[in-house]
Amino acid sequence: MKQTITPEHIAWLRLARTYGLGPVTIKKLITRYKTAVKACEMVPELSARGGRVKKLPDIRDIEKEFDQLKKHKVNFLCPIDSDYPKLLNHIDGAPMTLNYKGRVELLSQTPSIGIVGARNASVHGGRMTELMARELGEAGVVVHSGLARGIDTAAHKGALATGTVAVVAGGLNNIYPSENIKLSEAIASEGCLITEEALNVSPKAQHFPKRNRIISGLSLAVLVVEATLRSGSLITARLAGEQGRDVMAVPGFPADPRASGPNALLKDGAILIRNTQDILDAMPQNIRSNDLFTSLEEPTVEDHFYMDEDTPAELRTQILQTLSTMPITLEDLAQALSCDPRALSMPLLELELSGAVRYASSGKIALGEMNTELE
């Protein structure tokens, strides 16, 4: 697919490659300034108001990254592109940029399911997964997984003929595990291979939970076949639940540690799966985009900004004096300061960009790494 890279694409990638600037913060900037180009222009100024200037990558470095993508025949997606999957775009912390090879239409096709599980899968678990994935593909369901050993590999192999999506933890030039390089090439040809990491990034521990949120975010449901209680598969299941997706699990013999994860999910209310038909019966078959996103379109408090660009310095000081290292909600902070929560949107963004405040995984607010410099 021939792709036209615009200044807006360059700006999106520049924001995504800025150290300490995550998807949630980028979304706030785009909400406020409407374009990524304008957001890039404002980051140094806003962070300076917060106490420390944040520098963005040089545009020439970003252009070189696009040149490398073109050289390796890797395509690029960001939320302004029509092919960016809507289902993924509506999760908290959706990736701002994606690199992919293959059939981009699979990313938006529904019904869709994420299948995850143990790397040291049992023979029976692997065979069952491959069979279910093949039958799901034949029934028109797109299968997503993470290209790991074991259950992931079985899921991809089963659905390869009909089109499967592999979300990888590192860059597309650094496929892990190496034993799945040939499988990844087949997926790039027959399905879709995707990541939010730069082309040559080596996968590290922190990349796998990020990958897991994409697997669940692309899917209407997540199925766990085999997993221990402390496995990444249960992280994927938890993320799926937080994202409003169905969670399914295949029960196992209680004495097998690989059954502890699915059995715990079932105890907590996951849908019990015995075979492919159970999955098909539980999944919505006819889905309209309006049905998918109606409940997700309501703006949050942080989607609104007061028009005043000049935050009073004393308000930033009051915020820092009120916060501590223990996170609190925006509503609690506003109540402590006796102000409208919307009035805090801009100063919190300024302080967040500078590193003076941070957002916990729960969305609560706490003091950041350089708060003492502003006291």
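Just the heavy atoms: all of them, side chains too, but no hydrogens, waters or symmetry mates, feed the values below. Being a predicted model, the structure only gives us computed values, none of them experimental.
At least one donor-acceptor pair closer than 3.5 Å links the side chain of Asp340 to the backbone N or O of Arg342. Side-chain atoms of Thr195 never come within 3.5 Å of backbone atoms of Gly171 as a donor-acceptor pair (strictly under, hydrogens ignored). Put simply, the side chain of Thr129 gets close to the backbone of Gly125: a donor and an acceptor are under 3.5 Å apart. Arg103 places a side-chain N or O within donor-acceptor distance of the main-chain N or O of Glu190, the cut-off being under 3.5 Å. A distance-only check finds a donor-acceptor pair linking the side chain of Thr31 to the backbone of Lys27 [under 3.5 Å]. Formation of a donor-acceptor pair under 3.5 Å by the Gln243 side chain with backbone atoms of Gly217 is found in this model. A donor-acceptor pair under 3.5 Å is absent between the side-chain atoms of Ser108 and the main chain of Glu105, judged by distance alone. Judged by distance alone, with hydrogens and angles left aside, the side-chain atoms of Ser184 form a donor-acceptor pair with the main-chain N or O of Ile181 at under 3.5 Å. Here the side chain of Asp81 pairs a donor or acceptor atom with the backbone of Cys78 at under 3.5 angstrom. No donor-acceptor distance shorter than 3.5 angstrom exists from the side chain of Arg32 to the backbone of Met346, with no hydrogens or angles considered.
Here Leu88 contributes atom CG and Leu218 contributes atom CG; the two are 5.0 Å apart, rounded to the nearest 0.5 Å. The distance from the CZ atom of Arg238 to the OG atom of Ser233 is 13.0 Å, given to the nearest 0.5 Å. Annotation: the span from Leu21 atom CG to Arg14 atom CZ amounts to 11.5 Å, rounded to 0.5 Å. To the nearest 0.5 angstrom, Asn89 atom CG is 6.5 Å from Met96 atom CE. Taken to the nearest 0.5 Å, the CD1 atom of Ile30 stands 9.0 Å off from the CD1 atom of Ile80. Interatomic distance, CG of Leu29 versus CG of Leu349, reported as 5.0 Å (0.5 Å rounding).
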Report the C-alpha separation of Leu344 and Leu315 in whole Å, then their side-chain angles, then the decisive distance to 0.1 Å, and conclude whether the side-chain contact (heavy atoms from CB on, under 4.5 Å) test is met. CA-CA 8 Å; Leu344 299 177; Leu315 181 54; 4.1 Å; yes
Could you go through Thr25 and Tyr359, starting from their C-alpha distance and side-chain angles, then the distance that decides it, and tell me whether this counts as side-chain contact (heavy atoms from CB on, under 4.5 Å)? CA-CA 9 Å; Thr25 307; Tyr359 280 79; 5.8 Å; no
Evaluate His9 against Phe66 for side-chain contact (heavy atoms from CB on, under 4.5 Å), listing each step before the verdict. CA-CA 10 Å; His9 286 102; Phe66 276 114; 4.2 Å; yes
Applying side-chain contact (heavy atoms from CB on, under 4.5 Å) to Leu160 and Lys157, what does each step give before you reach the verdict? CA-CA 5 Å; Leu160 186 60; Lys157 286 182 176 179; 5.7 Å; no
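Across every non-hydrogen atom of Thr322 and Leu337, the tightest pair is OG1-CD2, 3.3 Å. Minimum interatomic distance between Pro23 and Arg213 (heavy atoms only, all atoms of both residues): CG-NH2, 4.0 Å. Annotation for Ser145 and Ile215: closest pair C-CD1, 3.8 Å, computed over non-hydrogen atoms. Heavy atoms only, all atoms of each residue included: Asn174 and Val201 are closest at CB-O, 3.2 Å. Between Ser354 and Ser47 the shortest heavy-atom distance is CB-O, 3.4 Å. Residue Glu196 comes nearest to Pro95 through the heavy atom pair OE1-CB, 3.3 Å, listed as atom of the first residue, atom of the second, then distance.
Cation-pi contact between Arg119 and Phe208: present, with separation from the ring centre below 6.0 Å and deviation from the ring axis of at most 45°.
For the pair Lys70/Asp67, no side-chain contact is recorded, criterion being any heavy-atom separation below 4.5 Å from C-beta on. Asp152 is not listed as a side-chain neighbour of Leu147, based on a closest heavy-atom distance of 4.5 Å or more. A heavy-atom distance below 4.5 Å is not found between the side chains of Met283 and Leu223. Side-chain contact between Ile10 and Glu63 is present, with at least one heavy-atom pair separated by less than 4.5 Å. Using a 4.5 Å heavy-atom cutoff, the side chains of Ile113 and Met248 are in contact. Between Leu320 and Thr317 there is no side-chain heavy-atom pair separated by less than 4.5 Å. Considering only heavy atoms from C-beta on, Ile175 comes within 4.5 Å of Leu193 through its side chain. Counting heavy atoms from C-beta on, the side chains of Arg245 and Leu239 never come closer than 4.5 Å.
None of Lys54, Lys28, Arg358 except one satisfies the side chain to side chain donor-acceptor pair (under 3.5 Å) rule with Glu352; the exception is Lys28.
Ion pairing between a basic and an acidic side chain is recognised when a charged N comes within 4.0 Å of a carboxylate O; Arg211 and Glu197 show no such pairing.
In the displayed structure, Asp92 atom CG is contacted under 6.0 Å by at most 12 heavy atoms of other residues, nucleotides or ligands. A 6.0 Å sphere centred on CD of Gln335 holds no more than 12 heavy atoms belonging to other residues, nucleotides or ligands.
Under the 4.5 Å side-chain heavy-atom criterion for grouping Ile, Leu, Val, Met, Phe, Trp and Tyr, Val225 is connected to Leu220 within one hydrophobic cluster. Taken together through direct or relayed side-chain contacts under 4.5 Å among Ile, Leu, Val, Met, Phe, Trp and Tyr, Ile59 and Leu199 form part of one hydrophobic cluster. Taking hydrophobic clusters as Ile, Leu, Val, Met, Phe, Trp and Tyr residues chained together by side-chain heavy-atom distances below 4.5 Å, Val247 does not share a cluster with Ile235. Hydrophobic clustering (ILVMFWY, side-chain heavy atoms < 4.5 Å, transitive): Leu106 and Val222 are in one cluster. Residues Val74 and Leu183 are members of one and the same hydrophobic cluster, defined by side-chain heavy-atom contacts under 4.5 angstrom among Ile, Leu, Val, Met, Phe, Trp and Tyr.
Side-chain N/O atoms of His156 and Thr153 include no donor and acceptor closer than 3.5 Å.
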